[in-house]
**Q** 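Structure incoming, see below.
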Number of protein chains: 2
Amino acid sequence: MKVLLVEDDQFHASYMEDVLVETLPEVTQIFHAVNGQEAEREARAMSIEAVVMDLRMSQCNGIEAAQILWQERADTRILFWSNYADEAYLRGISAIVPEDSAYGYLLKTAPRDRLKLALRAVLVEGQIMVDREIHRLQRRTSSPRNTLDDSEFAVLLDLSLGLQDRMIAERQGMSLRTVQNRLLSLYDKLGVEDVSDDETPINKRVRALNRALITRTLNIETLETAEREFERWQSSRA
Amino acid sequence: MKVLLVEDDQFHASYMEDVLVETLPEVTQIFHAVNGQEAEREARAMSIEAVVMDLRMSQCNGIEAAQILWQERADTRILFWSNYADEAYLRGISAIVPEDSAYGYLLKTAPRDRLKLALRAVLVEGQIMVDREIHRLQRRTSSPRNTLDDSEFAVLLDLSLGLQDRMIAERQGMSLRTVQNRLLSLYDKLGVEDVSDDETPINKRVRALNRALITRTLNIETLETAEREFERWQSSRA
DNA sequence: AGACCTTATGCGGGAACCCGCAATGCTCTT
DNA sequence: AAGAGCATTGCGGGTTCCCGCATAAGGTCT
């Protein structure tokens, strides 16, 4: 089995390589890439079917890279391996994972044993495996039922790009007023108060983006990805 | 000399420890911390005068930790050591560095030789040293003269918190209209177009925050820090 | 079936925002 | 000293935003 390791931190890369050879005797070759473009080239040239992917890299981020890999062959098995337990990453991944593909999401702070287990489960057995830390995070209830549903999240993405209500409505196929209702529930779930302590009114749109970032519902990579998707959508109609 | 190493990634920590003992025979003891609170305690208990500090950590971030250390003893020598060349970090540091303190900013991708040099220059010789990669970034000219001056940056921070014009004016001691002028130049420098390609008007405030994040003028840690500062400011008047 | 709840949508108004126009005051040059 | 240039501030108007109120459609429970 050939494995592609996409990781721009040399220490983490060599650690992972070490664990790979120790854990999986099935592995015959390990290829390297330090960003998304390289990963794409390598995977195509070497017909890779198992990948370990860092999420935060310079250039193209891990989620977009994974999307390209899965477009080319949907049965690619990918273990995402990240420093951060951002809800944004998990949402990004579940938005692009093909029907019955194998993938996993593990934190870099996971102990060696759990890493070994995840490597075998995902890359060899083709299972789906998500680090408990991350799963727990998704179900958190810091404020009452603050889990965003898909349409709310889509509106949040559009908002974060700076789109106005009218454009969001057009893009989401909603009426103007519905978009505004979504925004209302977004403000609620993100904990956007209409006034701060000291009777200071705030700009809710900006505040919503701020809160989404601080709670890790969004992160900067998400914004970049959303931007590119918006441009594609915009050019695909005219 | 006692050195405190603040770093939550074990690989990077052991690498740094390795380089430290190899490079600086002056070092007698190396203490460890994995976040800002620990760093504060250790530094106080051990009367530390030289620190190597990661910037992105869970809990308290590196810049706030440094601020506390410098408040307790202004002659502490700190080498910041980060994965990311965000302008936001550099601004955050230069905003809190005391008069003639020694500090440095180095990327983790820097080669071992440059790291050794920086360690000696900052921790032993008390010089100031900023990685060329970062310095270059600060002077970038992707769009014409897009370097924000201090007052523009302050307004950007307030905007990113979701403050309205009136409140920004009060906090910055400007008139309402002046704040709006600052916003105008912010929109200009951040490349906020009034319309996208396809005649799609946008929400400039949100767009400004979006652009600031994508260009790394701000990052999420900056937002968190700004939030705490705003709360302090707000409670210190009433 | 009828009461009830949730969701989508329309309407209207008050507040905030964006920004052109213009007046004032400061600095710098000639 | 006069004029050019820039920052600061006020005013006014057009637009967007936020949201209460009201209506309609569709689902659920008794």
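Numbered from 1 within each chain, the chains take letters A, B, ... in sequence-line order. Since this is a predicted model, take the numbers as computed values, not measurements.
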**Q** State whether R228(A) and E221(A) are salt-bridged, where the test is any N-O pair (Lys NZ or Arg NE/NH1/NH2 against Asp/Glu carboxylate O) under 4.0 Å.
**A**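 No, no charged N to carboxylate O under 4.0 Å.
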**Q** Calculate the interatomic distance between L163(B) atom CG and dC17(C) atom P; express it in whole Å.
**A**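 About 10 Å, once rounded to whole Å.
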**Q** Between dT9(C), dA16(C), dT9(D), which one does the side chain of S175(A) approach most closely?
**A**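 For the S175(A) side chain, the nearest candidate turns out to be dT9(C).
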**Q** Rounded to the Å, how far apart are M174(A) CE and dG10(C) C1'?
**A** 17 Å
**Q** At under 4.0 Å between heavy atoms, what does N181(B) touch on the DNA or RNA strands: base, sugar-phosphate, or nothing?
**A** base
**Q** Would you kindly give the CD-to-P distance between Q172(B) and dT9(D), to the nearest whole Å?
**A** 12 Å
**Q** Kindly check if the number of other-residue, nucleotide or ligand heavy atoms within 6.0 Å of CG (D150(A)) is above 12?
**A** no
**Q** When you compare the side chain of R166(B) with that of E170(B), does any pair of heavy atoms fall below 4.5 Å?
**A**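 Counting from C-beta outward, E170(B) and R166(B) never come under 4.5 Å.
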**Q** Measure CG/L176(A) against C1'/dT15(D) and give the value in whole Å, please.
**A** 13 Å
**Q** Does R91(B) qualify as a cation-pi partner of F153(B), given the criterion of NZ or CZ under 6.0 Å from the six-membered ring centre and within 45 degrees of its axis?
**A**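 Yes; both conditions hold, so R91(B) lies above the ring face of F153(B).
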**Q** Would you indicate, yes or no, if dC17(D) has its OP1 or OP2 atom less than 4.0 angstrom from a side-chain nitrogen or oxygen of N203(A)?
**A** no
**Q** Regarding dG12(C), can its base be found pairing with the side chain of R177(A) as donor and acceptor, where the two atoms are less than 3.5 Å apart?
**A** no
**Q** Between dC6(D) atom P and E152(B) atom CD, what is the distance in whole Å?
**A**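 These atoms are roughly 15 Å apart.
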**Q** Please check the phosphate of dA8(C) (OP1 and OP2 only) for any side-chain N or O of T178(A) closer than 4.0 Å.
**A**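 False: T178(A) side-chain N/O out of range (4.0 Å or more) of dA8(C) OP1/OP2.
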**Q** Measuring from the side chain of K204(B) (C-beta onward, heavy atoms only), which nucleotide among dC19(C), dC19(D), dA8(C) has the closest atom?
**A**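 That would be dC19(C).
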**Q** Grab the CG-P distance between D158(B) and dA16(C) for me, whole Å please.
**A** 17 Å
**Q** What is the distance from CG of D149(A) to C1' of dT6(C), rounded to the nearest Å?
**A**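 The answer, rounded to whole Å, is 13 Å.
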**Q** Would you call V52(B) and V122(B) a side-chain contact if the rule is heavy atoms closer than 4.5 Å?
**A** no
**Q** Please report the distance, rounded to the nearest Å, between CG in D188(B) and P in dC19(C).
**A** 11 Å
**Q** Which one, dC18(D), dT16(D), dA8(C), comes nearest to the side chain of L183(A)?
**A**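 The listed nucleotide nearest to L183(A)'s side chain is dC18(D).
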**Q** Do Q180(B) and dC17(C) have a side chain to base donor-acceptor pair shorter than 3.5 Å?
**A** no
**Q** May I ask you to say what L184(B) touches in the nucleic acid, namely base, sugar-phosphate or nothing, with a heavy-atom cut-off under 4.0 Å?
**A** sugar-phosphate
**Q** dT9(C), dA16(C), dC17(D): which one has an atom nearest the side-chain heavy atoms of R166(B)?
**A**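 Of all the options, the side chain of R166(B) is nearest to dA16(C).
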**Q** Of the listed nucleotides (dT8(D), dC19(C), dC18(D)), which one gets closest to any side-chain atom of Y187(A)?
**A**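 Ranking dT8(D), dC19(C), dC18(D) by closest atom to the Y187(A) side chain puts dC18(D) first.
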